[in-house]
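Only one structure is covered here, and it is reproduced in the block below.
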Amino acid sequence: MAHWLFKSEPSVWSFAMQVKAGDKGTEWSGVRNHAAKLNMMAMQLGEEGFFYHSNDGRAIVGIVTVTKLFHPDPSDETGKFGMVDIAAVKALPKPVTLETIKAMKRLAKMELVANSRLSVQKVTDDEWAIVKDLGGL
DNA sequence: GCCAACGTTGGC
DNA sequence: GCCAACGTTGGC
């Protein structure tokens, strides 16, 4: 199973809102980037990803799971892009900050550091295990 | 609030 | 099809 990372500004859509939205999941709409789209197309049902708060927070705060495979995003008039649905799984007992990630040698290659602007990223098995551990899971 | 990095757009 | 200009993102 592959692992992922979803990035969101908490003032727009926070992990707390994702939790409140329940188990069924919500549409991860509005992605207009091809690299992010390819990542979403590769996602399988039940695969898990980190939920990262950009700007305000700058930390990985929770885990989400894919509840619906890649499908068209009605908000995209060009029809080129799409989205998956995700639902919150659990919060990290200890959020893992960007600062911590940058300070860890084994996490230095994370896309979060290398390509911070990509909104849906791939996370390696190694990175997944390390961050979960740092997060207290 | 600034600025670097990156993606997209549009003129040629 | 190239590339300069522009807009957006996100860390600091």
Side-chain angles (χ1 to χ4, degrees):
Chain A
M1 294 241 293
H3 300 291
W4 312 97
L5 183 144
F6 297 84
K7 211 173 50 183
S8 183
E9 281 200 50
S11 58
V12 178
W13 184 251
S14 69
F15 188 69
M17 296 180 204
Q18 189 71 64
V19 169
K20 230 183 235 176
D23 295 338
K24 242 190 99 194
T26 56
E27 296 176 336
W28 198 256
S29 64
V31 174
R32 298 290 182 269
N33 172 286
H34 291 289
K37 172 192 163 180
L38 289 175
N39 281 337
M40 289 196 290
M41 287 177 77
M43 290 179 190
Q44 301 297 313
L45 285 179
E47 282 186 344
E48 293 184 328
F50 290 128
F51 194 102
Y52 175 76
H53 281 170
S54 65
N55 287 318
D56 186 11
R58 261 167 278 154
I60 293 172
V61 294
I63 291 176
V64 292
T65 186
V66 178
T67 59
K68 188 171 179 183
L69 292 176
F70 187 80
H71 57 105
D73 179 348
S75 74
D76 171 31
E77 290 173 8
T78 69
K80 283 187 201 163
F81 296 97
M83 61 194 179
V84 294
D85 290 11
I86 62 169
V89 175
K90 61 174 81 166
L92 293 188
K94 296 188 299 176
V96 180
T97 63
L98 182 64
E99 199 184 1
T100 303
I101 291 165
K102 283 188 155 176
M104 297 270 305
K105 269 222 176 80
R106 292 181 70 197
L107 297 177
K109 282 194 183 152
M110 278 191 79
E111 283 183 275
L112 199 58
V113 180
N115 184 9
S116 66
R117 292 191 53 201
L118 185 61
S119 60
V120 181
Q121 311 179 348
K122 200 168 193 306
V123 173
T124 67
D125 292 344
D126 245 23
E127 292 159 357
W128 182 259
I130 295 168
V131 172
K132 259 178 94 167
D133 195 50
L134 288 171
L137 290 178

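Among the atoms of the strands shown, none is found under 4.0 Å from any heavy atom of A:Leu118.
You can see that DNA chain B meets the heavy atoms of chain A within a 4.0 Å-exclusive cut from B:dA5 to B:dT8, reading 5' to 3'.
Between the A:Ser8 side chain and the A:Ser14 main chain, no donor and acceptor come within less than 3.5 Å of each other. Judged by distance alone, with hydrogens and angles left aside, the side-chain atoms of A:Asp76 form a donor-acceptor pair with the main-chain N or O of A:Lys80 at under 3.5 Å. A donor-acceptor contact shorter than 3.5 Å links the side chain of A:Asp73 to the backbone of A:Gly30.
Other residues, nucleotides and ligands contribute only 12 or fewer heavy atoms inside 6.0 Å of the CG atom of A:Asp56.
When each of A:Gln121, A:His3, A:Lys132 is tested with A:Phe50 by the rule side-chain contact (heavy atoms from CB on, under 4.5 Å), just one qualifies, namely A:Lys132.
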